[in-house]
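Below is one structure; the comments refer to it alone.
Residue numbers start from 1 in every chain, and the chains themselves are labelled A, B, ... in the order their sequence lines are given, proteins ahead of strands.
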Amino acid sequence: MAAKPGSVPTTYSPNLAQKTRPPIFKDNDLDWVRPDGRGFHQCRPAFFRTGAVNSASGSAYAELGNTKVIVSVFGPRESKKAMMYSDTGRLNCNVSHTTFATPVRGQGLDHKEFSSMLHKALEGAIMLETFPKTTVDVFALVLESGGSDLPVVISCASLALADAGIMMYDLVAAVSVACLGKNLVIDPILEEESYQDGSLLLACMPSRNEVTQLTFTGEWSTPDINEAMQLCLDACSKLGKVMRTCLKEAASASQE
Amino acid sequence: MAKPIPKVGSRRSGRSSARKSARRIPKGVIHVQASFNNTIVTVTDVRGRVISWSSAGTCGFKVSLRKKSVNPFPLNTCSGFCCTPKEMVGLSAGEKHFIQGGIAQDLRLDGRKRLTYRPIYVETGIIPQAHGSARVRLGATDVIASVKAELGKPSALQPDKAKIAIYVDCSPTAAPMFEGRGGEELSTELSVALERCLLGGKSGAGAGIDPTSLVVVEGKVCWDLYIDGLVISSDGNLLDALAAAIKAALSNTGIPKVDVAAEATGDEQPEVNISDEEFLQFDTTGIPVIVTLTKVGKHYIVDATSEEESQMSSAVSISVNRKGHVCGLTKRGGAGLDPSIILDMISVAKHVSEQLINKLDSEIAAAEASEE
Amino acid sequence: MSKTEYVSPEGLRLDGRRPMEMRQLRAEIGTVAKANGSAVFEMGNTKVIAAVYGPREVQNRSQLINDHALVRCEYSMANFSTGDRMRKPKGDRRSTEISLVIRQTMEACILTHLMPRSQIDIFVQVLQADGGTRSACINAATLALADAGIPMRDIVTSCSAGYLNSTPLLDLNYIEDSAGGPDVTVGILPKLDKVTLLQMDAKLPVDIFENVMGLAVEGCKAIANYIREVLLENTKQLEFRRGL
Amino acid sequence: MGLPNASGDLSTEVEVDAFRRLFPLRFFEKHLLESIRPDARPLGRARDTTIALGAVASANGSALAKIGSTTMLAAIKMEVMAPSIEIPDEGCIAIDFHMPPICSPIVRPGRPAEAAPVVAKQLSDTILSSGMINLKELSLVSGKAAWMAYLDIYCLDADGALFDAALLAAVAAFSHLEIPVVSLNDDGKIVLSEEQGLSDREPVNKEKRKVNLGSIPFSLTCILHKNYILADPTAEEESIMETSVTVVLDSSSQLVSLYKPGGAVLAYTSAIQDCIALTRQRVKELQKILEEAISGMEVD
């Protein structure tokens, strides 16, 4: 019969008959079109909703293109017994993917790198001293991965924190930029990410104009860095507005 | 191999001597140390626990004596790479103030300026079993990197690129908190940061090591590189030290030349002969160095010791290659930074990296020469 | 078992040593600056670092012992320490066993009753493994404990010996170790002339065993002499640096 | 929750919320006397239920099911396997149920929830024994290749009746499942065919793009407490009153399975029959909801 654990045969997902897909753009080709028809400096439309999970103290759902993320916040609640006394609060982050998030079926394991990046992006924004001796748990689940997963997780998590009523200096909005050949492409999708020469991720608090997390990969020259950072900062402030509206709508809806 | 003179007791000089030897002195001790233009007064109890420490003669006995009975032993603490400010125990308010004050005056605890590195010592070829290895010491930070190459098959998605992986391990010898699985979090964080800074983007652009140069037969055979880092002793700035060790290990690496014996058809793996005599050397000029700028107060410093790291508000690690291009960047630490400050840090890092690359290259060359 | 000759007709071993010859020893004290005591110990190609932290406050209150010190030990191997590169999960069976052996051996010689309610951590890290890691670890741990100034009854030294091609061999290297012959690891307190550790696998006639063990004990004594020299040299250096 | 508290010793003096926390059982029992539940449902009524199909684009079939605030996301990924020698012309279904830390304050990362493997086992037993899917339909080339359907169900919000919601999501995902067109290449491997038939090879499963769902199982969990039967409990109700009965019926009202995992209340046959009767009603509701969801999908 089926589904005997331990005796599952090895499986593979059927690939396209063609061995390799042609690259989505050619080198030095300046006027290629992005696979989803966006402009280079155009973000995907963002959809945010708070209160996605009832049993959590705060939660949010974010959808940008095919990237779908849900984040729950629990706490502030008692820190684990083994933890030493701390006069500031603790932040605990965990990011995991569903097995069906990626085109190839994954294992659905925790993503340690994302977890620590999320932690670093958020800790600067949260007023940890407002909840001593306790822990705030931020758990994220990537339902579907469609590129730029981490920035979406970060933005969504800050919204969930706001929904949970955790004191923050500002919302954290995050955006990534991919460098493809000579072009800078904002908010890349999965396909673009797999061809990128370099990437830049920026998380910031838009109204304080403070960067909480920043990473680069690949080779960047100074003018490119300036341009990419400016692009990200602008996009973050726009994203911040969208997030703010979402919170306001949720608040006014609950008042009614 | 030029083994350094056993640096017995070198660490017993300076401040740590106060802590260390105090254990053997049966009474409370006041240590007065005149350094540069400051005078440090350190009061320790019998157990070596610093009761108070102040600079310029302002010695306040503010710490209540009751506190002494709580912790009968000096707390051996390590502020790791990820240590957040305030979490580091073992530094008194006076000590913290002293560190911060020194940095503000451009005169750090060990007499360095803000943008000066500690002396770097490089030893290469210390692990004969590996294809390449190096040990780098930066002050009391001590790391080993080894490179091992294994014949493998490139992935179907990128048939012209070999796999390069970096794993870092934190030995519990460096700090008791790395015991068991305690070092795992830091190890992953360091590995990820190094991969980000040294291996370039997804398409391989900007990588220090060219993954196409390791391919023997496209789509069939390639050398997979496994780079292992081991932290033996940690006194801050692990990332820079590890990156330097990896650079040194790679320039020490010789990969055996491979001849393809018979051209295989279809899906078969071609047979290969591994040569014993001819070795392939890497061109390591393109490998970037990592410069970590740690922000303490309003200023930033390079090559922070663990005491200084405990006082940081945030730190930015920037990897810069010889051309002055940024090859990777990671930020850590909670506090936010103004974008203009980040840009300024990048330009400072570029400036510092020039000296660092030159210094490191000459150290590597000297180490290689002494090895032969 | 293969018919490899481990001892040539001229009486030389694979690495050119004589049967009773030990590999080159090298020791260095104080390699880990942050530790209370540390040492590197090399026996030929086997290279081990040991670091000692403590005596300090007991971290886990439930492990606190009222009348003597708690001694803990962790043994770990670097990824690059063996010929084949592998990533082992921490705390596999072999390292747990060796940790236990080192802990028990060291605990026997530390004057734990002088340091009640405290904890001493010994961490050993193998940088290169070429046979005899167990012995090298114990020797390194002794040096590190001495460097940390922890009171001990005596130094503990350890050495291994084996029996291959009807010849007792001192200080086996990896190839000899994996030949499948008997392997006797001995740890002694040289001044008291007492054996604290004795491990042997494979079977061996009693009279030959006595021979092999005698050889290992001789090895331990030689190591003890070397360790004493290193410690003395270190003390002299310390004296010099203090300006005494 | 506007119910006035009946006169009592403490209850008159404390606020409703405090009373609920301090004496949860008495709070509920007072409601039960009035034949109503704290969320204003009658005892036998299930919570509002919705199904959204095609929630995950990267999967071959997916569905999001909500019962009250309990939310389940199910997705099916089809992969190819070599069938076992004993049954060369049957495919396989691998069912897994996950409770990620986001779903409930009880679950923490690294420590899987106790309930997850239990529900997973129940689900795979139910789905495989109900005969909803004929495994022969999942065969591609007899003895050479067959489909392995990986069904993963994620609990996004846990608020009681996890099994009911998970089963509903799983069933809905199967009804949304669209099997890709594939063909056999020279190496004996299965590859995707282009949609427009650009491939020169004949697809091996042109006719089998959808699986035929036989009798579809639906379930209802009831809580037994004293003489009361509460359909579709919330997490709070489940934590207070521990005896639950889960009845699974298929679309033709045949009993597929029945679980009563212990509990303090010993159920009489009459109580079980009442549960089955409630389930029968519920199955009709669920069938309608599922049909609406499917027809809504087709309109799009």
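Looking at Asp250(D) and Ser130(D), their side chains never bring a donor and an acceptor atom within 3.5 Å of each other. Residues Ser55(A) and Asp157(D) have side chains that bring a donor and an acceptor to within less than 3.5 angstrom of each other. Side-chain contact, Thr234(D) with Arg37(D): no donor N or O sits under 3.5 Å from an acceptor N or O. A donor-acceptor contact closer than 3.5 angstrom is absent between the side chains of Thr135(A) and Asn92(A).
Heavy atoms of Ala149(D) lying under 4.5 Å from chain A are absent altogether. With a 4.5 angstrom heavy-atom cutoff, Pro100(D) touches chain A only via side-chain atoms. Contact of Ala160(A) with chain D is not made at all, since no heavy-atom distance falls under 4.5 Å.
Using cut-offs of 30° and 60° for the angle between ring planes, the Phe100(A) and Tyr154(D) rings count as perpendicular.
Ranked by non-hydrogen atom pairs under 4.5 Å with chain D, the options Val73(A), Val53(A), Thr102(A) are led by Val53(A). Per-residue counts of heavy-atom pairs under 4.5 Å with chain A were compared for Ala55(D), Ala59(D), Ala57(D); the largest is that of Ala57(D). Counting heavy-atom pairs closer than 4.5 Å to chain A, the top residue among Pro109(D), Cys103(D), Ala158(D), Ala235(D) is Pro109(D). Among Val71(A), Leu143(A), Asn66(A), the residue making the largest number of heavy-atom pairs under 4.5 Å with chain D is Leu143(A).
In summary, Arg47(D) and Asp39(D) do not engage in a salt bridge, as defined by a charged side-chain N under 4.0 Å from a carboxylate O.
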